[in-house]
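Each remark here refers to the structure printed beneath this line.
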Amino acid sequence: MGGLFKKQSGPSMLFKKSRRKTQNRGRQKMKKIKHFIRSKLKSKLKRQMTLSIIILILCSNILLAGAAGPKDSGENLTPSEGGIFDRIIAYIKSLLGEGELQDSAATSGAEASEVQQSAAEGAALKIATPNVIKSASFIGDSNLGIFAHLSNPPLMKMDSEGHIVGQLAESYDVLENNTCWTFYLRDDLYWSDGEPVTPEDIEFSIRYYGKEAPWANWINDTLESSTVSEADNSVTFKFNKPYTRINLEFATYNILPAHVWKTIEKPMEYINEGPYVGCGPYYLKQIDLKAGKLVFEKNPYWEGKIPEFGNVEIHFYSNVDVATLTLEKGAANTYYKYAGSYPYPNIEQLEKTGNFNFLEKTNLGLIFLAPNLKKAPISDLEFREALSYAINYEEIVRLETLGYGEVPNRGFVPPSMEAFKETEKLEYNPEKARKILEKAGYSDSNENGILEGKDGKDIKLEILIRPEYARTGELLKEYLEQVGLAADLRTADADTWVTLKDNYEYDLTVTRSTPWGMLMHASWGSGYFDSRRTGQGVMHNLDDPEFLQLCDDILSTTDPEELQGYAYELQDYYAENLPAIPLYWDNVVTPFNRQFEGWYADPLYGIYNLDNFVNVKKASA
């Protein structure tokens, strides 16, 4: 990940700016001409093409009927569901202008494209996932937002080595002490309704998120102005302070077609089961909540590398065991869990089928115990220090990762991250935990086996967990009781957990950091703790000026050596102050059917990236 913070400016730009302006003007003109040709076929030409196709159908059916005999000829004239005749009829309708665009949808041009390509499309790529889609809200449902990267790719992306590179953007410039970012778009991008992707779409999308999405409020707080240039095919964002992480931030926001979404108010609440207009190799055709399925179909106007698969299906299951059984039975080609692994206990069973290979990568995220820093006695650093020695990390790693994990360091950050610093390894030492508590003034004066707080009352901690952390919660409860701390478990679903967490109604909670979570804000996990941040998964409970200043220093520096120094300071801060107690680092294991090849995983979204969907193909025999 050595190139994570490298700026693509100056000589390293893909084009020098003087050439880029001239070339982009020509490209924009060509793009408009291509769009005009596509959408403005003359009526006479359309009718001539239609007549030719009808004659071809009649001739082919007469020949087929003669070869098959009278008994079979009637069947040959019956168009099958999704068959070639249906597609030709749809194509004729599109030529005659009879097919209307569906609201917020890809057009019947998708069917026309199928005729132009082939009568027999490739098979569907099927992905099983436990990331359940709860609503057909393109922006409001976080899991749907991740899967929509396929249809509405972000401006930037992270490659397999952790470098931030262009996706819809061809290149970018950073000026004025990291306050001014200009992104130059690729000139071969079209929405699935045939409209070209423009700089206005990028500008609209970023501002739209800043205005409408609670988790993107930082955009409103920091974005001073934005401008578009048709000549350069570019969009420029001017911020009110230095911000070195914009390229990374823009690797997460799905780009929207302005001509569709500008009329949609309250997008967080907007429900549409599809189709949605997209500009990726596929567009989102259908959201079927009852069947637990997303269907992506090929974008007929995609000009990049053509995917081998006719469509992509995401099958989501609330029960992980059902998802794994789908793979074992061969009903899915691969498994995907955002920021998570295929269940470790199920790997051996899947190996026995002989049908799958496995891709193993070090997780950029981790599982950790988050203390409520606003509530005594957890707010006491000595109390947190004692907690850190009360936990049997080796046992948790053994039971939870089955050999695919390791005991973490006090510095929180996994070794897979850029600028990782080797801090002290976390240690299980219950005797040391008891001594620290005693020295800090926590004693059992009434000898009932439970330590008392500084208010004289028995300490009884509530550990808030979600169902997937039930076993970890039970282990933690046991560890705390062994050092004289009473504990109760409180289990909550995901939505309730967020509410309780945001209201600080907990003592301790088990949660995780995702790869994006580790990289967001000032990176190295800082976005989870900074009290100025908001979001479903963040704790936002650390307002220590020393920590906040470190975050601001990271966000403003442009010097690589200085940045590394700040990263080291941040990890030292974690190790000394324990705003969170890491429980284990682990690896992400992803199975994929041996019939297919070309898979790779990036550190941010694993196998769910655009490159896989255009490069994965059937393995050669």
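All residue numbers in this chain count up from 1 along the given sequence. Computed from a prediction, not measured in an experiment: that's the story for all the values here.
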State whether the side chain of Asn299 and the backbone N or O of Pro281 hold a donor-acceptor pair below 3.5 Å, judged by distance alone. no
Give the C-alpha distance, both sets of side-chain angles, the deciding distance and a yes or no for ring-ring contact (aromatic ring centres under 6.0 Å, His included) between Phe204 and His259. CA-CA 10 Å; Phe204 167 81; His259 63 281; 9.8 Å; no
May I ask you to test the Asp288-Glu273 pair for a side-chain heavy-atom distance under 4.5 Å? no
Taking Asn240's backbone N and O only, do any of them form a donor-acceptor pair with Thr222's side chain (distance below 3.5 Å, no angle check)? no
Only pairs at least two apart or in different chains count here, so list each ring-ring contact (aromatic ring centres under 6.0 Å, His included) that has a residue in residues 544-570. Phe547-Tyr573
Go through the steps to decide whether Glu308 and Val616 satisfy the test side-chain contact (heavy atoms from CB on, under 4.5 Å), and finish with yes or no. CA-CA 7 Å; Glu308 181 166 304; Val616 169; over 6 Å; no
For Asn143 and Val132, work out which heavy atoms get closest and say how close. ND2-O, 2.9 Å
If you look only at pairs with a residue in residues 598-611, which of them pass as a salt bridge (charged side-chain N to carboxylate O under 4.0 Å, His left out), with sequence neighbours excluded? Lys157-Asp611
Quick one, Thr509 with Arg466, criterion side-chain hydrogen bond (donor to acceptor under 3.5 Å, both in side chains). Give me CA distance, side-chain angles, the key distance, then yes/no. CA-CA 9 Å; Thr509 187; Arg466 285 164 284 181; 5.9 Å; no
Closest heavy-atom pair, Lys298 versus Gly310, reported as atoms and distance to 0.1 Å, is CG-O, 3.5 Å
Quick one: salt bridge (charged side-chain N to carboxylate O under 4.0 Å, His left out) partners of Asp502, sequence neighbours excluded? none
Is there a side-chain contact between Leu256 and Ile139 (heavy atoms, below 4.5 Å)? yes
Is there a side-chain contact between Gln167 and Asn609 in this structure, where contact means two heavy atoms from C-beta onward sitting under 4.5 Å apart? no
Heavy-atom side-chain contact between Thr198 and Trp191 under 4.5 Å: no
Looking at residues at least two apart in the chain, or sitting in another chain, which of them share a salt bridge (charged side-chain N to carboxylate O under 4.0 Å, His left out) with Glu176? Lys238
With ring-ring contact (aromatic ring centres under 6.0 Å, His included) as the criterion, how do Trp524 and Tyr574 come out once you've worked through the C-alpha distance, each side chain's angles and the decisive distance to 0.1 Å? CA-CA 10 Å; Trp524 297 287; Tyr574 291 150; 9.9 Å; no
Quick one: NZ on Lys337 to CD1 on Ile146, what's the gap to the nearest 0.5 Å? 12.0 Å
Between CE of Met156 and CG of Leu248, what distance do you get to the nearest 0.5 Å? 9.5 Å
State, to 0.1 Å, how close Tyr283 and Pro275 come at their nearest heavy-atom pair, and which atoms those are. CE1-CB, 4.0 Å
Partners passing ring pair (Phe, Tyr, Trp, His ring centres under 6.0 Å) against Tyr506 (at least two apart in sequence or in another chain): none
Return the set of residues passing ring pair (Phe, Tyr, Trp, His ring centres under 6.0 Å) with Phe237 (not counting sequence neighbours), or none when no residue passes. Phe250
Around atom NZ of Lys211, are there more than 12 heavy atoms from other residues, nucleotides or ligands closer than 6.0 Å? no
Mind checking whether Tyr282 and Phe613 have parallel, tilted or perpendicular rings, split at 30° and 60°? perpendicular
Look at the side chain of Asn220 and the backbone N and O of Asn217, then say whether any donor-acceptor pair between them is shorter than 3.5 Å. no
For the student: nearest non-hydrogen atoms of Arg245 and Ser523, plus distance: NH2-CB, 3.0 Å
Just jot down the side chain to side chain donor-acceptor pair (under 3.5 Å) partners of Asn587, sequence neighbours excluded, or say none. Glu360
Test your reading of the model: is there a side-chain donor-acceptor pair from Asn503 to the backbone of Thr499, 3.5 Å cut-off? yes
Check the pair Asn311 / Phe296 against side-chain contact (heavy atoms from CB on, under 4.5 Å), numbers first and verdict last. CA-CA 6 Å; Asn311 56 57; Phe296 293 86; 5.7 Å; no
Please identify each residue that fulfils side chain to side chain donor-acceptor pair (under 3.5 Å) with Glu576, with sequence neighbours left out. none
Measure the spacing between OH of Tyr600 and CG of Asp159 and express it to the nearest 0.5 Å. 6.5 Å
What closest approach, in Å, do Leu555 and His521 show between heavy atoms, and which atom pair accounts for it? CD2-O, 3.4 Å
Could you give me the CA-CA distance, side-chain angles and deciding distance for Asn131 and Ile314, then say whether side-chain contact (heavy atoms from CB on, under 4.5 Å) is met? CA-CA 10 Å; Asn131 295 138; Ile314 310 295; over 6 Å; no
Does a side-chain heavy-atom distance below 4.5 Å link His540 with Tyr504? yes
Could you report the tightest heavy-atom contact between Pro300 and Ser192, atom names first, then the distance? CG-O, 4.0 Å
To the nearest 0.5 Å, tell me how far Cys180 SG sits from Ile246 CD1. 11.0 Å
Flag, side chain of Ser229 to backbone of Ser234, donor-acceptor distance under 3.5 Å: no
Tyr209: partners by ring pair (Phe, Tyr, Trp, His ring centres under 6.0 Å), with sequence neighbours left out: Trp215, Tyr253
Polar side-chain atom of Asp193 near backbone of Glu195 as donor-acceptor pair, under 3.5 Å: yes
Over 60° means perpendicular and under 30° means parallel, so tell me whether Trp261 and Tyr270 are parallel, tilted or perpendicular. perpendicular
Arg512/Asp586 salt bridge by N-O under 4.0 Å criterion: no
side-chain contact (heavy atoms from CB on, under 4.5 Å) between Phe147 and Tyr608: does it pass, once the steps are laid out? CA-CA 8 Å; Phe147 290 119; Tyr608 202 85; 3.6 Å; yes
Rounded to the nearest 0.5 Å, how far does CD of Glu212 lie from CD of Glu265? 8.5 Å
State whether the side chain of Glu297 and the backbone N or O of Lys285 hold a donor-acceptor pair below 3.5 Å, judged by distance alone. no
The side chain to side chain donor-acceptor pair (under 3.5 Å) partners of Gln549 (sequence neighbours excluded) come to Asp553
Side chains of Ser137 and Ile271: does their closest heavy-atom pair fall under 4.5 Å? yes
Thr182: side chain to side chain donor-acceptor pair (under 3.5 Å) partners, not counting sequence neighbours: Thr236
Contact between Phe239 and Asn178 at the side-chain level, heavy atoms closer than 4.5 Å - yes or no? no
Atom CG of Leu548 and atom CG of Leu542: how far apart are they, to the nearest 0.5 Å? 6.5 Å
Take atom CD in Gln536; do more than 12 heavy atoms of anything else shown fall under 6.0 Å from it? no
Within the 4.5 Å heavy-atom criterion, are Trp181 and Asp173 side-chain neighbours or not? no
Contacts of Trp218 that satisfy ring pair (Phe, Tyr, Trp, His ring centres under 6.0 Å) - sequence neighbours left out: Tyr243
